[in-house]
Amino acid sequence: MVRVRFAPSPTGYLHVGGLRTALYNYLFAKHHGGVCILRIEDTDRTRFVEGAAEALIEILRWAGIEFDESPEKGGAYGPYVQSERFDLYRHYAAELVQRGAAYYAFDTPEELEAMRKRMQDAGIAWRYDRTSMRNQYTLGEAETHRLLESNAPRTIRMKVPLSGTIRFDDLVRGTIEVPARDVDDQILLKSDNFPTYHLANIVDDHLMRITHVIRGEEWLPSTPKHVLLYDAMGWERPAFAHLPLLLNPDKTKLSKRQGDVAVEDYRQKGYFREALINFVALLGWNPSSNREIFSMQELIEHFDLTKVNKAGAVFDIQKLEWMNSEYLRAKPLDELARELLPTLQEQGINPSLEYLARVIGLVRERIHKLCDVPSFAAYMFSAPAEYEPAYKAQYWRPDYAAPMQALTERLAELTPWSASILQETVKAFTKESGLKIGILMNLLRLTITGRSVGAGMPETMELLGKDECIRRITTALQQFSLES
RNA sequence: GGUCCCAUCGACUAAUGGUUAGGUCACAACCCUUUCAAGGUUGCAGUACGGGUUCGAAUCCCGUUGGGAUCACCA
């Protein structure tokens, strides 16, 4: 049974890189009929942000990622919040000491800082020097015992072998080897008795029966420590899969500095969850097909961890835009209308769902996001307050007033008021007015919408209705004649 | 700097020893056209470099260069 977990720390918003990690875990689990777990890693109380865990869960749900076991939902291996599992970590830290795989250290932050400076000055890569610092080996058993009894501040550190090679397999990268001498004696239990990530992580992954650890590449350098810990406890190591990073356009790790990184940002900007999911799914993985659009179900069907790429992927917002517009065109209009209506109502616009759906149908191919509708098609909800000066300058001439007046009268008599009949009528009017259809259509666009861009005029006019169109043309013609 | 990871068009990627190196986004041109889009057609553009192995290398090996990650009592 495949069991995977997404284990964010509640320190703020959910990063799109985190979303992809969560997604790959989810896809992998679902593909194999396994279980996907959410675990909150809040062992660092100094970085705790109130409400962050709830926000994380909420945005993941929005994205369509549901967990089988989580803090809310519970499960057989809970609790799923690390701050509720502290006793466990202390227990295993003590056991590690008993097994000789970890030891007590009593150095103060100042002493550690001094050590670092010494090593730096000597030009050595700094790592904890077990032989010269204040720990159970240098202090001796009696002194160590005395310090422990007197409740002196202490940490528990990993005892990393001084020589040899640490080796582990990664599903994405193959076998990785690291010289043990380059691995630091990582602190496992802090002086406040809280565990560090490394300890809590392996304890929970083991206890929660995690079979595959799928996480970002930034964890690769600390994986040797984790495998050492599994081995020391005599626990079976999970399979590891380190995902390539999501990158800024300059190829550095995707960061806030260079644009939006929070999933929330993209939701607020009006991207569909399906588009965001589809897009990030294809950043670092691809099912070897020439297709680009996949539903969550299809992603689950095709997902294969072994086909995940090794190299980082630039987060290209332009392609996201394109993908979003693909979804905008494919979704049912009534669904889109329902989704957009609340936003409109906030702006004091309250069209019927049916009308709104038709407006969306008219303009959806011209925009990228659903939320672009109100600004792009503002004229569908109220008469133009102004006429684009450059557009008017291009198409309006005083001697068009008379033919436009005649056309308006012709339009006023039309029944039924439909796009095809409007099209025919305007076309027929080219003959008697001597004006080209391009001129006439643009004059209608100018007077009715006030804007140079928009959906096709006959369709726009049909939807707006005869009375509204006649009124708008008349108003515009009056205003233009006053101006000249 | 130490350690680790990585390297196909500008971007996302396909091709797991034999292809004219394919697709998508972006970009450009043309067609369509009442505007803007969309759509259609076409184009631009890539195996970082150098050595090997092999009949044959984007693909395997080595080196170089370049990029990235990481090096806390953070996760």
Side-chain angles (χ1 to χ4, degrees), chain A residues 7-11 41-44 46-47 82 105 107-109 112-113 116 120 123-127 153-157 170 172-174 176-179 181-184 186-198 200-201 215-224 242 244-245 247 249-253 279 282-293 307 309-323 325 329 363-368 376 391 394-395 423 426-427 436-446 449 451-458:
Chain A
S9 72
T11 53
E41 307 222 327
D42 58 347
T43 53
D44 183 6
T46 62
R47 295 213 310 168
Q82 290 190 327
D107 317 277
T108 64
L112 291 170
E113 191 46 48
R116 262 179 218 130
Q120 199 177 346
I124 318 170
W126 54 275
R127 47 169 295 188
R154 95 296 300 265
T155 59
I156 291 179
R157 282 182 182 270
D170 186 283
V172 174
R173 289 150 213 284
I176 292 169
E177 296 184 349
V178 179
R181 53 165 299 160
D182 290 314
V183 177
D184 198 18
Q186 184 63 235
I187 286 182
L188 299 176
L189 202 66
K190 302 182 250 181
S191 57
D192 61 6
N193 251 325
F194 286 19
T196 57
Y197 169 85
H198 307 283
N201 186 260
R215 80 236 291 195
E217 188 187 336
E218 67 268 28
W219 293 107
L220 205 48
S222 51
T223 306
H242 287 93
L245 260 18
L247 272 22
D250 71 356
K251 304 267 189 184
T252 54
K253 189 171 161 181
F279 177 66
L282 263 27
L283 247 29
W285 168 78
N286 164 301
S288 298
S289 74
N290 280 343
R291 196 149 60 106
E292 300 286 332
I293 304 298
K307 292 179 92 170
N309 285 109
K310 296 179 181 66
V314 173
F315 190 93
D316 178 12
I317 194 100
Q318 268 183 323
K319 189 155 183 178
L320 205 211
E321 286 251 306
W322 167 78
M323 202 168 266
S325 54
R329 275 186 275 162
V363 302
R364 80 212 294 200
E365 288 191 349
R366 296 168 164 79
I367 54 182
H368 290 298
F376 185 86
Y391 187 43
Q394 186 183 350
Y395 282 99
Q423 174 77 36
V426 175
K427 198 164 185 182
K436 286 181 180 163
I437 192 154
I439 297 286
L440 290 173
M441 285 295 185
N442 276 296
L443 287 170
L444 288 170
R445 182 180 298 285
L446 174 68
T449 76
R451 298 203 38 202
S452 60
V453 301
M457 272 326 281

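Please read all numbers here as calculations on a predicted model, not as lab measurements. Naming convention: chains lettered A, B, ... in sequence-line order (proteins, then strands); numbering from 1 in each chain.
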Let me know the distance between CD1 of A:I367 and P of B:rA38, rounded to the nearest Å.
12 Å
Heavy-atom donor-acceptor pair, A:R173 side-chain to B:rC5 base, under 3.5 Å
no
Under 4.0 Å: is that the gap between some side-chain N or O of A:K253 and OP1 or OP2 of B:rC6?
no
Reckon A:R157 has a side-chain N or O less than 4.0 Å from the OP1 or OP2 of B:rC73?
yes
So what does A:I176 hit on the nucleic acid, given a heavy-atom distance under 4.0 Å: a base, only sugar-phosphate, or nothing?
sugar-phosphate
What's the gap between B:rU41 and B:rA21 when it is taken at their P atoms, as a whole Å value?
23 Å
Once each nucleotide of nucleotides 7-17 of chain B is scored for protein heavy atoms under 4.0 Å, what B/S/- sequence comes out, 5' to 3'?
S---SBSSS--
Tell me what A:G438 touches on the nucleic acid: a base, only sugar-phosphate, or nothing, going by heavy atoms under 4.0 Å.
sugar-phosphate
Quick one: label A:A455 by what it contacts on the DNA or RNA (base, sugar-phosphate, nothing), any heavy atom closer than 4.0 Å.
base
Interatomic distance at C1', B:rU20 relative to B:rG39, whole Å:
28 Å
With a 3.5 Å limit on both atom pairs, tell me what B:rA38 is paired to, counting Watson-Crick and G-U wobble, or say none.
none
Using the P atom on both, measure B:rU16 against B:rU54 and round to a whole Å.
23 Å
Between the main-chain N or O of A:G438 and the side-chain N or O of A:N442, is there a donor-acceptor pair closer than 3.5 Å?
yes
Would you say the side-chain atoms of A:R154 pair up with the backbone N or O of A:S191, donor to acceptor, closer than 3.5 Å?
no
Pick base, sugar-phosphate or nothing for A:R154, based on heavy-atom distances below 4.0 Å to the nucleic acid.
nothing
Please figure out whether A:L245 or A:V178 has its closest RNA chain B nucleotide nearer the 5' end.
A:V178
For A:F279 and A:W322, I'd like to know if the aromatic rings sit close, meaning centre-to-centre distance below 6.0 Å.
no
How do A:D44 and A:M441 order along RNA chain B: which one's closest nucleotide is nearer the 5' end?
A:M441
Taking atom CZ of A:R291 as the centre, does the number of heavy atoms from other residues, nucleotides or ligands within less than 6.0 Å exceed 12?
yes
Please name the nucleotide paired to B:rU54 by Watson-Crick or G-U wobble geometry with both distances under 3.5 Å, or report none.
none
So do the side chains of A:F315 and A:L247 get within less than 4.5 Å of each other, counting heavy atoms only?
no
Atom CZ of A:R127 and atom P of B:rG1 are separated, to the nearest Å, by 21 Å
Of B:rA75, B:rG39, B:rU3, the nucleotide closest to the side chain of A:E41 is B:rA75
What distance, rounded to whole Å, do you find between the two C1' atoms, one in B:rA7 and one in B:rG63?
15 Å
Could you tell me which nucleotide pairs with B:rC25 by Watson-Crick or G-U wobble geometry, both distances under 3.5 Å, or answer none if nothing does?
B:rG10
Main-chain N/O of A:Q186 paired with A:D184 side-chain donor or acceptor, under 3.5 Å
no
Over all strands shown, is A:L220 touching base, sugar-phosphate only, or nothing at heavy-atom distances under 4.0 angstrom?
sugar-phosphate
C1' atoms of B:rA48 and B:rC31, separation to the nearest Å
39 Å
Of the nucleotides B:rA69, B:rU3, B:rC73, which has the atom closest to the A:D182 side chain?
B:rU3
Round to a whole Å and report the spacing from CD of A:E217 to C1' of B:rC4.
9 Å
Carboxylate-amine/guanidinium proximity below 4.0 Å for A:K310 and A:E217
no
Heavy atoms only, 4.0 Å cut-off, all strands: where does A:E177 land among base, sugar-phosphate and nothing?
sugar-phosphate
Tell me the partner of B:rU19, counting only Watson-Crick (N1-N3 plus N6-O4 or O6-N4) or G-U wobble (N1-O2 and O6-N3) with both under 3.5 Å; none if nothing fits.
none
So which nucleotide from B:rG68, B:rC36, B:rA75 ends up closest to the side chain of A:T252?
B:rG68
Quickly work out the A:I437 CD1 to B:rU34 C1' distance and round it to whole Å.
7 Å
Watson-Crick/G-U partner (both atom distances under 3.5 Å) of B:rC4
B:rG68
Taking the side chain as C-beta and beyond, is there a heavy-atom pair between A:Y391 and A:V453 under 4.5 Å?
no
Does any N or O in the side chain of A:R157 come within less than 3.5 Å of the main-chain N or O of A:L188, such that one atom is a donor and the other an acceptor?
no
Counting distance alone, no hydrogens or angles: does the base of B:rC73 have a donor or acceptor under 3.5 Å from a partner atom on the side chain of A:S191?
yes
Atom-pair distance (CH2 on A:W219; C1' on B:rU70), nearest Å:
11 Å
G-U wobble or Watson-Crick pairing nucleotide for B:rC49 (cut-off 3.5 Å, both distances)
B:rG63
Starting at atom CD of A:E218, determine the distance to atom P of B:rC6, rounded to an integer number of angstrom.
15 Å
May I ask you to say what A:T155 touches in the nucleic acid, namely base, sugar-phosphate or nothing, with a heavy-atom cut-off under 4.0 Å?
base
Within the 4.5 Å heavy-atom criterion, are A:V183 and A:V178 side-chain neighbours or not?
yes
When the distance from OH of A:Y197 to P of B:rA75 is rounded to whole Å, what number comes out?
10 Å
Distance, P atom - from B:rU3 to B:rA28, rounded to whole angstrom:
47 Å
Considering only the C1' atoms, how many Å lie between B:rC9 and B:rA15, rounded to the nearest integer?
15 Å
Say we look at B:rG50 and B:rC55: how far apart would their P atoms be, to the nearest angstrom?
23 Å
Hey, does A:H368 have a side-chain heavy atom less than 4.5 Å from the side chain of A:Q318?
no
Rounded to whole Å, the CG-P distance (A:L188 to B:rA75) equals 11 Å
Nearest to the side chain of A:P109, heavy atoms from C-beta on, is which of B:rA75, B:rA37, B:rC73?
B:rC73
Counting the atoms with a prime plus P, OP1 and OP2 as sugar-phosphate, which does A:S222 contact under 4.0 Å by heavy atoms, base, sugar-phosphate, or nothing?
nothing
Taking any heavy-atom pair under 4.0 Å as a contact, classify A:R451: base, sugar-phosphate, or nothing.
nothing
Out of B:rC4, B:rU35, B:rU24, minimum distance to the side chain of A:W322 belongs to B:rU24
